[in-house]
Amino acid sequence: MKKIVITGGAGFIGSHVVRHFVKKYPEYTIYNLDTLTYAGNLENLKDIENSSNYKFVKADITDEIVIKELFQEYKFDGVIHLAAESHVDRSIKDPLAFAKTNILGTLNLLNSFKELWSNDWSGKRFYHVSTDEVYGTLGNTGLFTEKTSYSPNSPYSASKASSDHFVRSYGETYGLPYVISNCSNNYGPNHFPEKLIPLFINNIINNKSLPVYGDGNYTRDWLYVKDHAIAIDEVFHNGTNENTYNIGGFNEWKNIDLVKLLCSLMDEKLERESGSSEKLITFVKDRPGHDLRYAIDATKINKELGWKPSVTFEQGLSITIDWYLENSEWLERVTTGDYLRYYQDFYTNR
Ligand code: NAD
Ligand code: DAU
């Protein structure tokens, strides 16, 4: 494969995937297709933006005509699809935006890929990056496997579940060669500070309150984002068509315990009195439809592709906090909105 388009490459996970592929596969041309919503930040890719095998394409996956034209023009051999609206709380406020991007956008990509290659699929692959939230919620025990039935509870997870179904249907109906992965909560550098970990790091730095939803007894399985990028590489190159792979960190934390660990690490790193960050914890109104617990059984990807996380949570969290402390300018530009001008400044007249 020579031409790979990665959608949503300016976002959190996408930027790590783009960097990983650009550096590891100099023989590929990597196209980062992103419309740059509030979550897209090209500053995430500053270090590789001048690489000869990297190209940025500003486009909206919901634009049927533009997407068709781009596929016809560049003839992408592979698609790694991450572009999405990704924040559950935003989906509760504006479900339609999630349906549009996550469902219609995915359909446009599938159609354009099908029109390009349906006469000969050899060497082609469509990789849809999805979430463990499609499975709904677990009780206090059990794990999500690839066979767990879908039971999404939020507009976000419903839109991702729908897009997963469309991908599968294109495999069954048109023979489109696809793989899907469903991953647990990611954390790491470049995470937009609306999600739990980066929001709380930013709030601790600024001595602002830490809004824990409900009683804080909700459980998530956390995976370091660079380990997710490695897993995506494995699935893309070595996964079997028409297969789903669950990806997880073997790393379950109750929100309140995670927040307390984060507080103590931040106290240490900021040289603040022990216990001072914990005083910022405030219990607030719960998220509607809040899923109690996610936990992934990642045995399949481990057994079939030999993948497992490379860092422990304590290591990953420490690296992540250090990154935010060392990149206060990034955080500042993201929270003030200055990063939105980066595209214009960098790409005008190039
Ligand atoms: P993100 O919100 O940080 O980034 C999304 C990116 O998609 C942004 O760069 C944005 O500009 C782009 N985008 C949005 N709408 C677009 C459109 N219409 N056209 C083109 N580009 C568009 O998201 P993320 O957290 O990096 O998640 C990436 C993918 O991984 C998503 O599909 C998400 O469902 C999935 N996922 C995320 C997590 C997680 O913990 N963050 C876990 C599992 C799966
Ligand atoms: O499981 C994978 C999913 O993980 C991805 O598909 C989503 O794109 C990603 O956003 C993430 O969803 P969550 O809803 O689990 O992540 P979030 O960081 O928003 O919340 C994590 C937990 O923390 C959740 O139980 C809600 C809680 N929370 C979150 C925020 C932002 C709080 O208690 N307070 C907060 O302010």
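Read the numbers this way: they start at 1 and go in the same order the structure lists the ligands and their atoms. For the single chain, residues carry numbers from 1 onward in sequence order.
Regarding atom 29 (C) of ligand 1, its nearest protein heavy-atom neighbour is Leu82 O, 3.2 Å. The nearest protein atom to atom 18 (N) of ligand 1, hydrogens excluded, is given as Asp60 OD1, 2.8 Å; this is a heavy-atom distance. Shortest contact from atom 27 (O) of ligand 1 to any protein heavy atom: Ile13 CD1, 3.8 Å. Ranking the protein heavy atoms by distance from atom 44 (C) of ligand 1 puts Ser130 O, 3.2 Å first. Protein heavy atom closest to atom 21 (N) of ligand 1, with residue, atom name and distance, is Thr35 N, 3.2 Å. Shortest contact from atom 10 (C) of ligand 1 to any protein heavy atom: Thr37 OG1, 3.3 Å. Among protein heavy atoms, the minimum distance from atom 34 (O) of ligand 1 is reached at Tyr156 OH, 2.7 Å. Scanning the protein heavy atoms around atom 9 (O) of ligand 1, the nearest turns out to be Asp34 OD2, 2.5 Å.
Shown here are the side chain to side chain donor-acceptor pair (under 3.5 Å) partners of Asp257, two or more places apart in sequence or in another chain: there are none. Checked against salt bridge (charged side-chain N to carboxylate O under 4.0 Å, His left out), Asp322 has the following partners two or more places apart in sequence or in another chain: Lys269.
When only modelled atom types and interatomic distance are considered, Ser154 and Arg287 share no side-chain donor-acceptor pair under 3.5 Å. Using a 3.5 Å distance cut-off with no hydrogens or angles, the side chains of Tyr224 and Asn251 do not pair a donor with an acceptor. There is a side-chain donor-acceptor pair under 3.5 Å between Ser310 and Asp227.
Heavy atoms from other residues, nucleotides or ligands lying under 6.0 Å from CD of Glu329 number 12 at most. Enclosure of atom NZ in Lys208 is not indicated, since only 12 or fewer non-hydrogen atoms of other residues, nucleotides or ligands lie within 6.0 angstrom.
Near Asn185, the atoms of ligand 1 lying under 4.0 angstrom from a non-hydrogen atom of the residue are 40 (O). Of all the atoms in ligand 1, the ones that sit under 4.0 Å from a non-hydrogen atom of Leu36 are 11 (O). Close contacts of ligand 1 with Val129, meaning ligand atoms under 4.0 Å from a residue heavy atom, involve 30 (O), 32 (O). Atoms of ligand 1 found under 4.0 Å from any heavy atom of Ser86 (numbered from 1 in listed order, with element): 1 (P), 2 (O), 23 (O), 25 (O). Interface of Lys160 with ligand 1, defined as ligand atoms under 4.0 Å from a residue heavy atom, comprises 31 (C), 32 (O), 33 (C), 34 (O). Interface atoms of ligand 1 facing Ala59, defined by a heavy-atom separation under 4.0 Å, are 19 (N), 20 (C).
Tracing side-chain contacts under 4.5 Å through hydrophobic residues (I, L, V, M, F, W, Y), one reaches Tyr25 starting from Ile230; they form part of the same cluster. Both Leu176 and Val5 are members of a single hydrophobic cluster when ILVMFWY side chains are connected at heavy-atom separations under 4.5 Å.
Aromatic ring pairs are classed by plane angle as parallel below 30°, tilted from 30° to 60° and perpendicular above 60°; the pair Phe12 and His191 is parallel. Below 30°, between 30° and 60°, or above 60°: for Phe313 and Tyr187 the angle between ring planes is above 60°, a perpendicular geometry.
Sorted by chain and number, the residues within 4.0 Å of ligand 2 by heavy atom are Ser86, His87, Val88, Thr131, Asp132, Glu133, Tyr156, Cys183, Ser184, Asn185, Glu194, Lys195, Leu196, Leu199, Phe200, Pro211, Val212, Tyr213, Tyr218, Arg220, Asn255, Arg287, His290, Tyr294.
Remark: among candidates Ala84, Ala83, Ser15, the nearest residue to atom 14 (C) of ligand 1 is Ala84, based on non-hydrogen atoms. The residue from Tyr38, Tyr294, Phe12 that puts a heavy atom closest to atom 3 (O) of ligand 1 is Phe12.
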N/O donor-acceptor pairs under 3.5 Å from side chains in residues 274-281, not counting sequence neighbours:
unit_1	atom_1	unit_2	atom_2	d
Ser276	OG	Asp267	OD1	3.3
Ser276	OG	Glu273	O	2.7
Ser277	OG	Asp267	OD1	2.6

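Annotation: Ile61 places an N or O atom under 3.5 Å from an N or O atom of ligand 1; distance criterion only. For ligand 1, the polar-atom distance check against Asn186 finds a nitrogen or oxygen pair separated by under 3.5 Å.
Phe56 places a side-chain heavy atom less than 4.5 Å from the side chain of Leu42.
Remark: Lys3 fails to qualify as a cation-pi partner of Phe76 under the 6.0 Å distance and 45° angle criteria applied to the six-membered ring.
Between the Asn327 side chain and the Trp330 main chain, no donor and acceptor come within less than 3.5 Å of each other.
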